[in-house]
Amino acid sequence: MPRMRHQIRFQCFAVLLFILSFGLLAIPASAKTVTVECEENTISNALKTLDPQANNTVRVIGTCKDAIGIYDFADLTIAGVATGGKNAVINSLNGNAIFWIVGSHVQIKNLTINGGSWGVECREFSVCRFSGNTIQNATGNGVQIDSADATFTGDVIQNNANYGLNMTASRVRVTRVTVKGTTAGASGPGNGVEIDSGSTLTVEQLTVQNNQGAGVSLIGGSNLTNRSWAGPFLVSNNGVGGIWVTEQSSADLGGATSINNTGGAGVVITGNSEASFWQGGTFTGNQSLDIYCDPLNGIAAAPQLATVGSTNCPNTY
C-alpha cells in the first residue's frame with residue numbers, strides 16, 4: 001500500500017512537471033515598441049534590441065541615414081512620426097539599399113525613403129505592407145518585390161532609375177498609388193511598373209505617368225487585373241508607350257485610361273498575349289496607335305467596348 005501511494009505521488013508530480021514545462025514553452029515572445037530619434041540612434045541599432053519572433057514596432061522621428069537589413073521578423077512595423085506636417089526621412093547610407101527585407105512580415109508606413117541603390121527590396125517569401133510612403137531618388141529600382149507578397153496604399157514612387165516598381169515572381173496589390181518620373185539606368189529602361197516572371201498585379205487606383213520608359217510592362221507570363229470600381233487607372237505621358245502586354249502575359253484593362261504616351265502605342269499586345277476591355281476604358285492620343293495587336297500573336301478582347309482613337313485590332317469576342 002505505501003508503495004502504491006508513492007507511485008501515485010510520483011506520477012502526479014511527473015504530470016505537473018510536464019504541464020509546467022509545456023506552459024513555459026508556450027509563453028509567447030513579448031511585444032515591444034521603441035522610438036528612434038534619428039539624431040541619437042539608428043533603426044538598424046534598434047532592431048538589434050528586438051526579439052524577431054515578437055510583435056515589434058519602431059517609431060521613427062526626424063531624418064535618419066541608414067542601411068536597414070530585416071531578416072526573419074515575424075511581425076515588424078516601422079512607422080514614421082510626422083513633425084511639422086512632414087514624414088520622417090530615411091536617407092541612404094553610403095549609397096546602399098535603404099531597406100533589405102528577407103523572410104519577414106513587415107509594415108512600413110509614413111516615411112520618405114530617399115536614395116540608395118534600391119529604396120526597398122522585399123524578397124524570399126516576405127510579406128511587405130506599405131502605406132503613406134514616398135520612395136524616391138534611388139539609383140537602382142525604387143521598389144523591388146522578388147518572390148514575395150506586397151500591398152501599397154497611398155504611396156508615391158518617384159524619380160527612381162531603372163524601374164519604379166519592379167516585380168519578379170510576386171503578388172502585389174496597389175491602392176491609390178502613383179508611380180512617376182522613372183529614368184533609364186544601368187540595368188533598366190525607365191519603366192514605371194515592371195511585372196515579370198509570372199507576377200500578378202491587382203490595381204485599385206493607380207497613376208503611372210511621366211516615366212522615361214514604358215508606363216507598365218508585363219512580361220514572362222504575368223497578369224494584371226484592374227478593379228475599375230475602386231478608382232481610376234491612368235497611364236499617361238510615358239516615353240516608350242503606355243501598357244505593354246508581352247511574352248504570354250494577360251491584362252484585364254477594362255475601365256483603364258491610357259493617353260498621350262509617345263514612342264509606342266497606348267497598349268501593345270504581342271508575344272502570344274491577350275488584353276481584355278470588357279469594362280470599356282479610354283485609349284486615345286497615343287503615338288502612333290492607341291491599341292496595337294501583333295497580327296500573329298496579340299489578341300484584344302472586346303476593344304469595341306472601349307473608347308479607342310486608332311487600332312489595328314479586330315473586334316474579337
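As the structure is a prediction and not an experimental result, all values here were calculated from the model.
At distances below 3.5 Å, at least one donor-acceptor pair connects side-chain atoms of Gln212 with backbone N or O atoms of Ala184. Not a single donor-acceptor pair under 3.5 Å links the side chain of Thr112 to the backbone N or O of Val89. Although no hydrogens or angles enter the test, the distance criterion places no donor-acceptor pair under 3.5 Å between the side chain of Thr168 and the main chain of Asp146. Judged by distance alone, the side chain of Ser273 and the main-chain N or O of Ser250 form no donor-acceptor pair under 3.5 Å. Checked by atom type and distance alone, the side chain of Asn87 pairs as donor or acceptor with a backbone atom of Gly132 at under 3.5 Å.
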| request: Take Asn160 and Asn141 through the test side-chain contact (heavy atoms from CB on, under 4.5 Å) and record every step on the way to the result. | output: CA-CA 6 Å; Asn160 301 287; Asn141 302 332; over 6 Å; no
| Verdict with supporting geometry, Leu201 and Val193, side-chain contact (heavy atoms from CB on, under 4.5 Å) | CA-CA 10 Å; Leu201 178 66; Val193 180; 4.1 Å; yes
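A pairwise comparison of heavy atoms in Ala256 and Phe283 identifies O-CZ, 3.7 Å as the closest pair. Nearest approach of Ser126 to Arg123, heavy atoms of both residues: OG-O, 2.8 Å. For the pair Asn162 and Ala186, the tightest heavy-atom approach, listed with the atom from each and the gap, is OD1-N, 3.3 Å. Heavy-atom minimum distance, Ile269 versus Ala300: CD1-CB, 3.9 Å. Here the closest non-hydrogen pair linking Ile68 and Ser44 is CA-OG, 3.7 Å. Contact detail for Thr284 and Thr307: the closest heavy-atom pair is CG2-O, 4.0 Å.
At least one side-chain heavy atom of Val60 sits less than 4.5 Å from a side-chain heavy atom of Ile43. You'll find the side chain of Thr49 reaches within 4.5 Å of the side chain of Lys32, heavy atoms only.
Under the side chain to side chain donor-acceptor pair (under 3.5 Å) test applied with Asn238, the options Asn211, Asn260, Asn191 reduce to a single match, Asn211. Of the candidates Thr134, Asn137, Ile108, Ile113 forms a side-chain contact (heavy atoms from CB on, under 4.5 Å) with just one, namely Ile108.
Within the structure, the ring-ring contact (aromatic ring centres under 6.0 Å, His included) test picks out the following pairs touching residues 144-173 (sequence neighbours left out): Phe130-Phe152.
Using a 3.5 Å distance cut-off with no hydrogens or angles, the side chains of Asn133 and Asp155 do pair a donor with an acceptor. Side-chain polar atoms of Asn159 and Gln136 form no donor-acceptor pair below 3.5 angstrom. Under the 3.5 Å distance criterion, with hydrogens and angles disregarded, no donor-acceptor pair is assigned to the side chains of Arg173 and Thr202. Side-chain atoms of Thr200 and Asn223 include no donor-acceptor pair closer than 3.5 Å. Thr42 and Asn45 share a donor-acceptor pair across their side chains, judged by distance under 3.5 Å alone. Side-chain contact annotation: Asn286 with Asn261, donor-acceptor N/O pair under 3.5 Å present.
Atom CD of Gln107 sits in a crowded spot, with more than 12 heavy atoms from other residues, nucleotides or ligands closer than 6.0 Å.
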